[in-house]
S.K.: 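The structure under discussion is supplied below as structure tokens; questions concerning it will follow.
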Amino acid sequence: MLHVRRNTLCSAPVLLLCLVAVLLTPRFALAAPQTTPLPLALCAPENTFTLNIDNDYFPLPVGRVWVYTGKEQGQNVGLRVTVLDATETFHFGGGQNITTRVVREEEWADTNANGVIDPGEQLIEVSLNYFAQTAGGTVCYFGENVDIYEDGQVVSYEGSWRADGRRGLPGSAPGIFMPAAPAPGLTFQQEVAPGVAEDQATITRTGTATVDGTVINTITVRDFNPLDGSKGTKVYAEGVGLIQDGPLRLFPVGG
């Protein structure tokens with residue numbers, strides 16, 4: 001998920017997002033000298049879950065939209081993340097059923113870098129991602145359904161997985177996407193699908209971002225994929241969510 005964007009974005013719920021991209025000036029503290037692994041038991045199916053995902057650094061209210069733009073390998077790319085008014089239920093052993101919130105991601109070749117999928121611009125990837133939050137505030141990741149595009153056609157479902165193993169992936173389980181109390185040094189597995197999706201994350205820094213004169217706390221997360229050795233960096237802002245994903249930054253719609 002998230003590499004990891006409803007109508008035009010500068011409606012009231014997302015006005016703050018528009019301002020962040022224009023006025024963001026992060027200042028980071030030093031990285032933590034050691035790491036503390038979080039147990040996957042934090043997201044085990046035996047926990048109590050809610051669809052009210054209000055984690056300070058990864059809030060997912062229904063209808064919220066984020067748009068990001070930037071260059072990848074010299075190409076303008078857009079990413080839109082939308083929290084859908086839809087759910088997906090996962091079935092675990094012992095009759096435990098967990099209902100998750102569905103988040104849609106669309107990545108495309110944003111030729112004119114305007115943050116909109118214009119006619120003629122090609123999709124790169126579309127995915128549905130599944131999240132729920134524990135009573136303690138940890139956001140758990142239950143999988144994703146991935147469509148990868150070439151020339152307007154779906155050519156692969158690579159990276160798709162489900163925490164309940166219904167895709168024939170033994171050993172799958174819910175991952176920790178965002179801790180209840182993020183702090184430098186915390187490290188955790190976000191994806192738990194052996195051989196298919198095994199992304200890991202470490203919170204490396206805390207900092208602040210100035211948004212129209214208001215200081216907002218931020219965290220920086222380093223991602224690592226042990227399957228191919230790739231790494232990345234994301235920045236999350238308190239009360240906003242993801243504001244930077246590698247070279248992609250929150251798009252200043254109307255800014």
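Keep in mind that the numbers below use all heavy atoms, side chains included, and drop hydrogens, waters and symmetry copies. All values reported here derive from a predicted model rather than from experimental measurement.
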S.K.: More than 12 heavy atoms of other residues, nucleotides or ligands under 6.0 Å from CG of Asp151: yes or no?
M.R.: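 No, because the 6.0 Å sphere around CG of Asp151 holds 12 heavy atoms or fewer from other groups.
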S.K.: Is Glu158 atom CD crowded by more than 12 heavy atoms from other residues, nucleotides or ligands, each under 6.0 Å away?
M.R.: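 Incorrect, the count does not exceed 12.
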S.K.: Looking only at non-hydrogen atoms, find the nearest pair between Ala163 and Pro174 and report the distance.
M.R.: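 Heavy atoms only, the tightest pair is CB-N, 3.5 Å.
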S.K.: Between Trp108 and Val116, which heavy-atom pair has the shortest distance, and what is it?
M.R.: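 Shortest heavy-atom separation between Trp108 and Val116 comes out as NE1-O, 3.4 Å.
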S.K.: Please check this pair: side chain of Asn129 against backbone of Val103, looking for a donor-acceptor N/O pair closer than 3.5 Å.
M.R.: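 Present.
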S.K.: Begin from the C-alpha positions of Tyr236 and Asp56 and carry the test side chain to side chain contact (heavy atoms under 4.5 Å, CB included) through to its verdict.
M.R.: CA-CA 9 Å; Tyr236 297 83; Asp56 286 344; over 6 Å; no
S.K.: Among residues two or more places apart or on two chains, list those pairs meeting disulfide (SG to SG under 2.5 Å) that have a residue in residues 96-186.
M.R.: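 Sorted pair list: Cys43-Cys140.
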S.K.: Output the distance between atom CG (Asp245) and atom OG1 (Thr233), rounded to the nearest 0.5 Å.
M.R.: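 Going from the CG atom of Asp245 to the OG1 atom of Thr233 covers 9.5 Å.
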S.K.: With side chains defined as the heavy atoms from C-beta onward, is the minimum distance between Ile219 and Met178 less than 4.5 Å?
M.R.: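 Sidechains of Met178 and Ile219: in contact.
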S.K.: Tell me whether Phe58 shares a hydrophobic cluster with Tyr68, the cluster being built from Ile, Leu, Val, Met, Phe, Trp, Tyr side chains joined at under 4.5 Å.
M.R.: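 Linked within one cluster.
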S.K.: First locate atom CG of Leu128, then atom CZ of Arg104, and finally report the distance between them rounded to the nearest 0.5 Å.
M.R.: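 Going from the CG atom of Leu128 to the CZ atom of Arg104 covers 6.5 Å.
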S.K.: Taking atom CD1 of Ile124 and atom CD of Glu107, what is their separation to the nearest 0.5 Å?
M.R.: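 These two atoms lie 4.5 Å from each other.
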S.K.: Determine the minimum heavy-atom distance between Asp164 and Phe92, stating which atoms define it.
M.R.: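 Here Asp164 and Phe92 meet closest at CA-CE2, 3.7 Å.
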S.K.: Suppose clustering is done on Ile, Leu, Val, Met, Phe, Trp and Tyr with side-chain heavy atoms closer than 4.5 Å. Which residues sit in the same group as Leu227?
M.R.: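 The other cluster members (ILVMFWY side chains, heavy atoms under 4.5 Å, direct or chained): none.
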S.K.: Give a yes or no on whether Glu150 atom CD has more than 12 heavy-atom contacts from other residues, nucleotides or ligands under 6.0 Å away.
M.R.: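 At most 12 heavy atoms, drawn from other residues, nucleotides or ligands, come within 6.0 Å of this atom.
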S.K.: Quick check: does any side chain N or O of Asn55 sit under 3.5 Å from a backbone N or O of Thr138, one acting as donor and the other as acceptor?
M.R.: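 No, the answer is negative, given that no donor and acceptor are paired below the 3.5 Å cut-off.
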S.K.: Return yes if some donor-acceptor pair links the side-chain N/O of Glu121 with the main-chain N/O of Thr111 below 3.5 Å, else return no.
M.R.: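 Confirmed, Glu121 side chain pairs with Thr111 backbone.
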S.K.: For a quick test of reading the model, state the closest non-hydrogen atom pair linking Gly175 to Val192 and the distance between them.
M.R.: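 Where Gly175 meets Val192 most closely, the heavy atoms are CA-CG2, 3.9 Å.
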S.K.: Do Leu186 and Leu42 land in one hydrophobic cluster if side-chain heavy atoms of ILVMFWY residues count as linked below 4.5 Å?
M.R.: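 Same cluster: Leu186 reaches Leu42 through Ile, Leu, Val, Met, Phe, Trp or Tyr contacts under 4.5 Å.
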S.K.: Side-chain heavy atoms under 4.5 Å apart, restricted to Ile/Leu/Val/Met/Phe/Trp/Tyr: what other residues fall into the cluster of Val155, or is it alone?
M.R.: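 Once heavy-atom contacts under 4.5 Å are chained together, Val155 belongs with Val146, Ile148.
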S.K.: Taking salt bridge (charged side-chain N to carboxylate O under 4.0 Å, His left out) as the cut-off, I'd like each qualifying pair that reaches into residues 86-102, sequence neighbours left out, listed once.
M.R.: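 Counting only pairs at least two positions apart or across chains, the salt bridge (charged side-chain N to carboxylate O under 4.0 Å, His left out) contacts touching residues 86-102 are Glu88-Arg162.
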S.K.: Roughly how far, to the nearest 0.5 Å, is the OG1 atom of Thr208 from the CD1 atom of Ile216?
M.R.: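 Between Ile216 CD1 and Thr208 OG1, I get 10.0 Å after rounding to 0.5 Å.
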S.K.: Determine, step by step, whether Thr87 and Thr99 satisfy the side chain to side chain contact (heavy atoms under 4.5 Å, CB included) criterion, reporting the C-alpha distance in whole Å, the side-chain angles of both residues, the deciding distance to 0.1 Å, and the verdict.
M.R.: CA-CA 6 Å; Thr87 61; Thr99 301; 3.5 Å; yes
S.K.: Checking ring-ring contact (aromatic ring centres under 6.0 Å, His included) between Phe177 and each of Phe188, Tyr130, Tyr141, which is the one that passes?
M.R.: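 The single option meeting the ring-ring contact (aromatic ring centres under 6.0 Å, His included) with Phe177 is Tyr141.
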S.K.: Has the side chain of Thr187 got a donor or acceptor atom that lies under 3.5 Å from a matching backbone atom of Ala201?
M.R.: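 Flag set: sc Thr187 to bb Ala201 pair under 3.5 Å.
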S.K.: Under the side chain to side chain contact (heavy atoms under 4.5 Å, CB included) criterion, do Glu105 and Glu125 qualify, and how do the steps go?
M.R.: CA-CA 8 Å; Glu105 291 187 26; Glu125 180 178 317; 5.6 Å; no
S.K.: Take Val77 and Asp110, measure what side chain to side chain contact (heavy atoms under 4.5 Å, CB included) needs, and give me the verdict at the end.
M.R.: CA-CA 5 Å; Val77 172; Asp110 190 16; 5.8 Å; no
S.K.: For a side chain to side chain donor-acceptor pair (under 3.5 Å) with Gln133, tell me which candidate from Thr48, Asp54, Asn47, Thr50 qualifies.
M.R.: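 Result for side chain to side chain donor-acceptor pair (under 3.5 Å) with Gln133: Asp54.
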S.K.: Just to verify, what does Ala197 make a side chain to side chain contact (heavy atoms under 4.5 Å, CB included) with, not counting sequence neighbours?
M.R.: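 If we apply the side chain to side chain contact (heavy atoms under 4.5 Å, CB included) test to Ala197, skipping adjacent residues, the hits are Trp161, Glu191, Ala193.
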S.K.: Can you see which heavy atom on Tyr57 is nearest to which on Ala237, and at what distance?
M.R.: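 Result for this residue pair: CD2-C, 3.8 Å.
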S.K.: Among Asp85, Val102, Leu84, which residue meets the side chain to side chain contact (heavy atoms under 4.5 Å, CB included) test with Val62?
M.R.: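 The passing option is Asp85.
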S.K.: What are the two closest heavy atoms between Val154 and Tyr157, and how far apart are they?
M.R.: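 Scanning both residues, the minimum pair turns out to be CG1-CE2, 3.7 Å.
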S.K.: With sequence neighbours left out, what residues match Phe142 under ring-ring contact (aromatic ring centres under 6.0 Å, His included)?
M.R.: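 Once residues adjacent in sequence are excluded, the partners of Phe142 under the ring-ring contact (aromatic ring centres under 6.0 Å, His included) criterion are Phe49, Phe90.
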S.K.: Can you tell me how far apart OG1 (Thr82) and CZ (Arg64) are? Round to the nearest 0.5 Å.
M.R.: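 It comes to 11.5 Å.
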S.K.: Rounded to the nearest 0.5 Å, how far does CZ of Arg222 lie from NZ of Lys231?
M.R.: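 Spacing of NZ (Lys231) from CZ (Arg222) equals 7.0 Å.
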S.K.: Determine yes or no for a side-chain-to-main-chain donor-acceptor pair under 3.5 angstrom, with Gln34 supplying the side chain and Gly185 the backbone.
M.R.: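 Judged by distance alone, no pair lies under 3.5 Å.
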